[in-house]
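Notes follow the structure.
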Protein chains: 2
Amino acid sequence: MSSPTLADVASLADVSENTVSRVIRDKGYIAPATRKRVNEAIRKLGYVPNRAAGSLASSSSAIIGVILPSMSNIVFPEVLRGIHAGLAGTHYQPMIGVTDYDLKKEESLISSLLAWKPAAIITTGCEHTAAARRMLKNSTVRVGELMDIDHRPIDLAVGLSHLEAGRSAARHLIGRGYAKIGYVGHDWNADKRAHARYLGLVEGLRQAGLVLSEENRTNGPSSTLAGKAALAELLSRAKTIDAVVFSNDDMAVGGYMHCMAAEIAVPETLALFGFNGLEIGQTLPKPLSTILSNRFAIGKTAVELLLANSERNKKPQIVDTGFSILEGSTA
Amino acid sequence: MSSPTLADVASLADVSENTVSRVIRDKGYIAPATRKRVNEAIRKLGYVPNRAAGSLASSSSAIIGVILPSMSNIVFPEVLRGIHAGLAGTHYQPMIGVTDYDLKKEESLISSLLAWKPAAIITTGCEHTAAARRMLKNSTVRVGELMDIDHRPIDLAVGLSHLEAGRSAARHLIGRGYAKIGYVGHDWNADKRAHARYLGLVEGLRQAGLVLSEENRTNGPSSTLAGKAALAELLSRAKTIDAVVFSNDDMAVGGYMHCMAAEIAVPETLALFGFNGLEIGQTLPKPLSTILSNRFAIGKTAVELLLANSERNKKPQIVDTGFSILEGSTA
DNA sequence: TCGAATTATCTCAGCGCTAACATTTTTCCC
DNA sequence: GGGAAAAATGTTAGCGCTGAGATAATTCGA
């Protein structure tokens, strides 16, 4: 009843175990006739190699450890989609962990993923506990840190400069003649990159001699509902602003919904600006003005670079997948 | 340089390897003093157990194989989120594969996931290749088939009856006085459950002596953009319908966007009805009337039931997570 | 036609852990 | 205070595979 092993295949094909192993891994010299015989035996027995055994013997595995902060924010499933796309056609399997934005949880996930001797570990951002950083540094697996390139990575960083994205938002709005600019955001503890964009925005405004007119930050994670409520609240305090930058598109779409409900003309009375370039923002009656962060490309690029080389870069490598302003019609 | 092993811990703590192993797995009798000594040694060495070795020795692993048809449809990341929620606090790790709605790919994913001797395999729907079904049946791992309960599962099915959901949509619209009902959908090959809902809808209408007035199906996957275009096309052909059922919320939100752009009064001129109960539908100026499918609960429930028992059910078990009509304001 | 390459295959010792069972130590009750 | 049960730890034999190196078979040029 227990599944067939290499030995079963070997004896059926009348070769040594090692030969079967070599056929499977397509390694070394194999006579065509032997290969055929082995493959037939494999098929006949329905043999499936035991990865644990292989992994133990070779002290390496075809696992890619992936650590994401959240599954609730659509951005991360999209990164994951990119990772999958990069993995397609290879025999690597992603093993996923979710931290809920908790660095301690990240640390323990790193430890348990490392226990599988993965080929690479992909995680998010530059912030890790000291222990986590040490584990990653001491191991020899490749390490990708995604989303953010405003720091020196352990091995490879792929993403964009959120600071620069914030500055770009400022420049865009200033260029369009907006001067009384507000900000609606969500919790920065959970999302340092949103904070970086905020800092970039403020800096961009300052360079033009402006300051943020008003801001409103919610406690929870970003969501359309939160954005809707937060904009309403902001406007109740500051009726004279002419543009609002949101921490991301979820919040911005919520803001747009508020404007529709409250019959505020967008962008004539109030301009709206997001971040991410989510599909939903582009489906609004007036497509959202926002910054396209290429989540899919980030995931895909990271995987491709990590798999291209099994050794770590001697110098940490930083890859900027960039961003682009989606003009839209709301700002 | 190579990482410490059980043996290193054992000699440092001056106990046998087996004792260390028992401390780690919290199994059998351990004197408190010994446990403390071992844990200190583990900490001092930064020991991380090699899962591959453990898995090989015990011929089982703490891996949960998860096979999803797609990452692009928000529904599946949400199921995955539920799975993660169910896994939180356990030491199980999900290993993810994506089929792109290709049953052959599912088959090969099942095979490679099985190679890790996972504790369970979670996949979607009831459709599998003969070989895939055989592999799952022959293995002893627990198997969860998600989303759909209109079939006899291998071991456990968790989801809802899409047929019944379709019927409910029909009853809801009929109850509201709509009689000329159209349908806008996406590709059924990729999404059998959408087809089941369609069949339920048609059946529900027939029971009231009605038929579908008009329908329009796109080729690709569902999306807001596709829904927007498809409704426009449908209305260009059939101007007299008073309600449209969409294959899901993505499509329905797109339809709503079309109505806004074309200034069609919803629901006065045209009622809209979706499926899934996505957040975005509920954020529209008029919340979308739809059916709430509990994706998160499906994932979470499945994991909990699978982990509750390491043996398969003698009788396949079917768990109906149900659905509920979100009244909304669009139908 | 023979030796050196080249090609094809085999042998065997682990990889690091766990299961099963054996053994020793401690507890505890009559 | 002696013996059985309970508690604590040790011993041993793999799990199924791969890597390194040895060996055998084949090719090929001079």
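Below, chains carry the letters A, B, ... as their sequence lines are ordered, and counting in each starts from 1.
If you measure from atom NZ of B:K27 to atom C1' of C:dA19, you get 8 Å, rounded to the nearest angstrom. The separation between A:D14 atom CG and C:dC10 atom C1' is 12 Å, rounded to whole Å. We find that CD of A:E17 is positioned 12 Å from C1' of D:dC15, with the value rounded to whole Å. Separating the CD1 atom of B:I30 from the C1' atom of C:dT26 is a distance of 15 Å, rounded to the nearest angstrom. Put simply, OH on A:Y29 is 18 Å from P on D:dA25, counting in whole angstrom units. When the C1' atom of D:dC15 is taken as reference, atom NZ of B:K117 falls 10 Å away, rounded to whole Å. Separating the CG atom of A:L6 from the C1' atom of D:dG19 is a distance of 14 Å, rounded to the nearest angstrom.
In the region residues 31-51 of chain A, proximity to DNA chain C at under 4.0 angstrom, judged on heavy atoms, holds for A:A31, A:T34.
Between the side chains of B:T321 and B:N294, no donor-acceptor pair of N or O atoms lies under 3.5 Å. Side-chain contact annotation: A:Q93 with B:S112, donor-acceptor N/O pair under 3.5 Å present. Under 3.5 Å, the side chains of A:R43 and A:N39 contain no donor-acceptor pair of N or O atoms. A donor-acceptor contact closer than 3.5 angstrom links the side chains of B:H128 and B:E145.
A residue-by-residue look at B:N18 and B:L56 shows that B:L56 has its nearest nucleotide of DNA chain C further toward the 5' end.
The side chain of B:T5 lies closest to C:dC17, out of C:dC10, D:dC17, C:dC17. Comparing C:dT18, D:dT11, C:dT9 against the side chain of A:R22 picks out C:dT9 as the nearest. Each of C:dC10, D:dG19, D:dG10 was ranked by its minimum atom distance to the side chain of A:R25; first place goes to D:dG19. In the set D:dC17, D:dG19, D:dC15, the nucleotide with an atom closest to the side chain of B:A57 is D:dC15.
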Quick one, A:D26 with A:R35, criterion salt bridge (Lys or Arg N to Asp or Glu O under 4.0 Å). Give me CA distance, side-chain angles, the key distance, then yes/no.
CA-CA 10 Å; A:D26 205 12; A:R35 164 169 285 123; 3.1 Å; yes

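The residue B:T19 sits close only to the backbone: its heavy atoms come under 4.0 Å of sugar-phosphate atoms, none of a base. Note on B:S58: only backbone sugar-phosphate atoms sit closer than 4.0 angstrom, heavy atoms only; bases stay farther off.
No salt bridge links B:K315 with B:D155; every basic N to acidic carboxylate O contact stays at or beyond 4.0 Å. Salt bridge absent: A:R37 and A:E40 never bring a charged side-chain N and a carboxylate O closer than 4.0 Å.
Checking the phosphate oxygens (OP1, OP2) of D:dT18, a side-chain nitrogen or oxygen of A:S21 falls inside 4.0 Å.
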